[in-house]
Amino acid sequence: SLAGHTISTHLRLRPHVGLRFEIGFLKTWVYGGAESVNSDFEFSEIWGGKIKYHINDRYAVQAEFSNETSTELSIGFCSYW
């Protein structure tokens, strides 16, 4: 990915690889790579993903994890209309 924005550094390079899996009611997406942190193109490691379990056609629970701004884990409940 290549991103341009108004926050310094104004240009960010982000080479990464992502994988998606779907097994029955379980969906998974994971990624890993690097992200440029300054104009000298020094890179930091990034990783993250999402795991979602569909309880039925209307409800699912999911967990997301990432180290992009800080190492974090969130768990949520999804409802589809």
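On a predicted model such as this, the values are computed, not experimentally measured, just so you know.
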Sequence neighbours excluded, which residues qualify as side chain to side chain contact (heavy atoms under 4.5 Å, CB included) partners of Leu73? Ala63, Phe65
Any chance you could measure Leu13, atom CG, to Glu35, atom CD, to the nearest 0.5 Å? 9.0 Å
Using the test side chain to side chain donor-acceptor pair (under 3.5 Å), find all partners of Glu42 that sit at least two apart in sequence or belong to another chain. Asn38
On a heavy-atom basis, the closest approach of Asn67 and Glu45 is ND2-O, 3.2 Å
For Lys52, side chain to side chain donor-acceptor pair (under 3.5 Å) partners two or more places apart: Tyr80
When you compare the side chain of Trp81 with that of Arg58, does any pair of heavy atoms fall below 4.5 Å? yes
Ring pair (Phe, Tyr, Trp, His ring centres under 6.0 Å) with Tyr53: which residues, sequence neighbours excluded? none
Which pairs with one or both residues in residues 16-28 pass salt bridge (charged side-chain N to carboxylate O under 4.0 Å, His left out), sequence neighbours excluded? none
Within the 4.5 Å heavy-atom criterion, are Ile75 and Val61 side-chain neighbours or not? no
Should Ile55 and Phe77 be marked as a side chain to side chain contact (heavy atoms under 4.5 Å, CB included) after you check the CA-CA gap, both sets of side-chain angles, and the distance that decides it? CA-CA 10 Å; Ile55 300 167; Phe77 180 76; 4.3 Å; yes
Can you name the closest pair of heavy atoms from Trp29 and Gly18 and give their distance? NE1-CA, 4.5 Å
Using 0.5 Å steps for rounding, measure from the OG atom of Ser66 to the CH2 atom of Trp47. 7.0 Å
For Glu68, which residues count as a salt bridge (charged side-chain N to carboxylate O under 4.0 Å, His left out) partner, sequence neighbours excluded? Arg14
If you look at every heavy atom in Gly49 and Tyr31, which pair is closest and at what distance? N-CE2, 3.7 Å
Closest non-hydrogen atom pair between Phe43 and Ser36, with its separation: CD2-N, 3.4 Å
Any chance you could measure Thr28, atom OG1, to Leu19, atom CG, to the nearest 0.5 Å? 10.5 Å
To the nearest 0.5 Å, what is the distance between CG on Asn56 and CZ on Phe25? 8.0 Å
May I ask whether Phe21 and Val17 are part of the same hydrophobic cluster, defined by side-chain heavy atoms of I, L, V, M, F, W, Y residues being less than 4.5 angstrom apart, directly or through others? no
